[in-house]
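Below is one structure, written out as structure tokens, with a few remarks after it.
Just so it is clear: chains get the letters A, B, ... in the order the sequence lines come, proteins before strands, and each one is counted from 1. Small disclaimer: the values here were computed from a predicted structure and weren't measured.
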Amino acid sequence: MKNIFKLSIGFLITAIAFTSCGDQKSSKSNGALSSSKAEKVYVAPGEHDSHYAFISGGYSGNLTVYGLPSGRMFKEIPVFSQFPTNGYGYSEETKPLLETSYGFVPWDDSHHPDISQTNGKLDGRWVFINGNNTPRIARISLTSFETEEIIEVPNSAGNHSSSFITENTEYVVAGTRFSVPVPQKDMAIKDYKGNFKGALSFISVDPEHGHMDIKFQVLMPGFNYDLSHPGRGKSHGWFFFTTYNTEEASTLLEVNASQNDKDFIAAINWKKIEEYVNNGGGTMMPANYAHNVYDENTHTATSTMKKEVRVINPSEVPGAIYLLPTPKSPHGCDVDPSGEYIVGNGKLSANLTVHSFTKMLDAIENEKFDGDAYGIPILKFEDVLAGSVEQPGLGPLHTEFDGQGNAYTTFFISSEVVKWKLGTWEVLDRKPTYYSVGHLTIPGGNSREPFGKYMFAMNKITKDRYLPVGPEMEHSAQLYDISGDKMELLLDFPTHGEPHYAAAIPAEIIKDKSRKIYKLAENEHPRKATNESETKVVRDGKNVHVYMTLIRSHFTPDNIEGIKVGDKVFFHVTNLEQDFDVPHGFAMIGANNAELLIAPGQTKTLTWEAKQVGVWPFYCTDFCSALHQEMQGYIRVSPADSNIELSWSLGED
Amino acid sequence: MKKAGIIMVIGSLLLLGLFKFPLWNIMLGAPQYPEPLGMNIHLDGIQGVEEFDIQNIDGLNHYIGMKTIPKAEEMWEFSVFPKVILGMSLLGVLIGVLGFAGKISYKFFLGWFVLMSVLGILGMYDFNLWLTEYGSDLDPKAILKLKNPDGTPMSYKPPLFGHQKLLNFDVTSLPHIGGYLMFVGMFLTLVAFWLGRKFSLKTAK
Ligand SMILES: [Cu+2]
């Protein structure tokens with residue numbers, strides 16, 4: 001009886017399935033399908049995402065922080081660009097961060113974030129990112145989520161094959177995209193070939209404080225160094241760089257740099273060069289580059305110009321550098337979690353080339369060279385080739401790994417992500433992206449232990465993905481679940497600026513270390529006022545320093561008189577709050593720079609020039625309390641020849 | 001009677017937990033404070049649960065004109081309470097030891113308990129007086145002057161025990177570890193009394 005009952009239910013279901021007609025059926029099944037996907041990206045109100053993603057801002061010059069799987073943006077961290085939102089790059093304390101040998105450069109093109117590692121695993125202490133335009137590397141703290149240090153890279157131009165980290169954060173590596181005369185000099189552009197150099201910089205990272213210092217630069221032949229990645233595990237101690245324009249063309253590169261059948265991946269044994277340098281090797285060369293460090297206690301950055309850099313010519317360290325022929329202008333240079341496979345994403349190639357580290361060592365040992373380029377041995381393509389993925393798609397750019405033996409490669413031209421197997425080189429799955437994907441990220445994808453689960457693709461073209469907003473729009477990204485055999489598209493979300501890469505990490509590694517306030521007791525700002533009795537106004541010639549405090553809901557002082565036309569007023573503003581998420585703002589009428597947003601316990605300085613006689617208001621821009629609107633004050637500006645004495649007060653009638 | 005004496009000693013010693021752990025705890029949560037602010041009432045003063053809680057509670061309370069939370073030296077209780085607790089603990093130990101040695105009657109155990117209870121109730125009464133004053137002695141120039149529906153000024157007295165809603169805050173007032181240790185200790189002295197009584201009834205037979 002039971003069986004008959006079951007059977008009839010079976011028939012019923014089949015009948016329903018067969019009788020439901022076209023339109024209705026597809027809309028229903030779509031509904032069911034998308035609701036299960038919605039569950040996978042739904043983070044209930046008040047709950048937290050499982051992963052952080054640090055997504056580069058490209059021409060925004062900054063770094064954005066997103067949550068996965070929700071695709072929600074939590075913060076934009078100003079790095080290379082001025083940020084009027086909080087006064088970064090405008091306040092006296094943060095202006096030095098943007099100093100360079102070119103002067104104050106308040107913008108950049110930020111590209112490739114990478115999270116610090118210990119033993120090949122993400123440790124979540126810092127995230128590094130490169131400024132592509134005016135060559136710089138920044139270090140951002142993952143406790144304060146603020147930029148703490150920026151170092152300029154001399155002899156470099158178009159800092160693109162950066163900022164990738166060795167497996168114990170020994171080095172953050174920065175390679176130049178454009179080769180240039182080193183040192184710079186006045187010469188004919190057509191004499192590029194053989195004369196320009198490509199500097200690859202190994203910047204040491206202090207294990208305690210993260211402070212960066214250029215340990216050495218390798219002056220390579222004048223190719224374009226596109227991307228790079230560290231060796232790991234067995235290949236730890238090596239670094240790999242893709243090159244294009246091995247033709248060394250200086251004009252119409254789209255044709256002239258696409259002639260060679262193969263360009264190179266440069267393999268650099270940095271351990272060997274490090275040893276050479278530690279024994280006094282290399283040459284100190286005159287240089288001029290900025291090193292800018294922000295101190296969390298003084299809340300102030302200082303900029304120092306460095307005057308020399310150690311350079312190495314490849315010929316000085318025989319056996320440290322080799323060239324691996326790789327088809328057609330490879331872009332991404334990606335090393336699998338085991339360190340065995342080096343993927344060269346030849347962007348004009350039909351196949352995806354994978355080199356073997358073991359075979360490379362073997363070829364080196366047996367000196368199976370195929371000539372040299374400026375004295376650097378070239379290995380034979382066949383001798384180092386591990387295999388190639390045949391016809392996987394068009395325009396491969398970047399590859400990441402899931403830690404399960406699979407690789408995921410983006411294809412810009414065919415606009416898809418292709419999943420393939422390391423070792424067998426077979427294509428397992430492909431999913432479209434919307435549209436023309438550049439890079440993709442798997443949490444921990446550049447480490448010995450990727451976390452898998454999610455992959456997201458960052459696209460270059462948005463077109464119709466969202467409600468139209470005119471000709472200029474943000475880029476789109478797609479999130480995929482990669483825990484199954486097939487990739488599953490879960491979510492489409494807009495990103496800020498133009499992401500060129502992202503680094504993602506499970507939230508639990510960093511979230512509990514996130515800072516809530518700065519302690520007033522640890523504030524060492526030279527012009528702080530840590531309580532209201534320390535506030536004052538001091539004249540120093542035409543400069544007037546206002547030592548001001550903020551607390552819900554007043555400024556101390558809030559009435560200032562005795563300022564004269566032509567004075568430069570420095571507001572040194574300390575937020576006395578010691579409560580989480582109670583910033584105050586400081587905004588002065590007609591300020592030619594920006595406002596300030598001051599975190600609890602922090603001191604920041606805004607400069608304001610008194611230009612017109614009158615009584616001018618200032619106010620708090622952050623809705624800090626129920627009496628936020630009352631948080632305001634006045635400055636009286638008198639004529640330049642007035643003899644009104646400086647005075648300041650709070651609460652006096 | 002030996003067992004009773006030992007339990008009496010243990011019970012009295014548990015009072016000393018108050019020198020390490022807070023007696024009482026008051027937590028203040030609000031929509032804006034998903035991680036509530038809190039104060040721990042120790043024998044010798046009031047401390048924030050987190051480093052800046054006291055400062056932040058004071059900061060909020062200034063809107064409604066409340067005084068700042070008193071420092072240890074501003075209340076006599078915080079110098080007297082430690083002495084009382086230490087004295088009671090030593091007295092209890094002495095009674096326990098004498099009881100163990102059979103020198104005094106088990107009735108002393110009950111006597112200690114009654115004395116401790118009286119002192120405890122006096123302490124609670126005093127604490128409640130302070131809470132009332134703290135919650136209702138408001139600055140006449142307060143930014144927010146709120147009235148009850150009947151026109152009397154609103155009081156912000158935190159509850160002595162349990163939960164109460166004060167404006168946007170949910171205030172919860174409960175014993176803390178030190179307090180619980182004290183209650184367990186006092187209960188043990190009752191157990192000691194009961195055991196001692198049982199023993200003496202048995203021997204009387
Ligand atoms: Cu404010």
- salt bridge (Lys or Arg N to Asp or Glu O under 4.0 Å) partners of D49(A), counting only residues at least two apart: R72(A)
- Message: A quick test of your reading: do over 12 heavy atoms of other residues, nucleotides or ligands sit less than 6.0 Å from NZ of K2(B)?
- Response: no
- What heavy-atom pair brings L576(A) and Q55(B) nearest, and what distance separates the two atoms? O-NE2, 3.8 Å
- Bottom line for I551(A): the part with an atom under 4.5 Å from chain B's heavy atoms is neither
- Should the heavy atoms of other residues, nucleotides or ligands under 6.0 Å from NZ of K453(A) be counted, would the total exceed 12? no
- Interatomic distance, CZ@R552(A) vs CG@N56(B), rounded to 0.5 Å, equals 6.5 Å
- Task: Pick one of side chain, backbone, both or neither for E51(B), based on which atoms fall under 4.5 Å of a heavy atom in chain A.
- Result: side chain
- Could you tell me whether the side chain of P600(A) reaches within less than 4.5 Å of the side chain of F52(B), counting heavy atoms only? no
- Query: Contact part of L144(B) toward chain A, heavy-atom cut-off under 4.5 Å: side chain, backbone, both or neither?
  - Reply: neither
- Query: Heavy-atom count around H163(B) NE2 within 6.0 Å, excluding the residue itself: above 12?
  - Reply: yes
- Query: Does atom CZ of F623(A) have more than 12 heavy-atom neighbours, drawn from other residues, nucleotides or ligands, at distances under 6.0 Å?
  - Reply: yes
- If you count the non-hydrogen atoms of other residues, nucleotides and ligands that lie under 6.0 Å from CZ in F108(B), is the total more than 12? no
- Item | Pair E35(B) + K516(A), salt bridge at N-O below 4.0 Å | yes
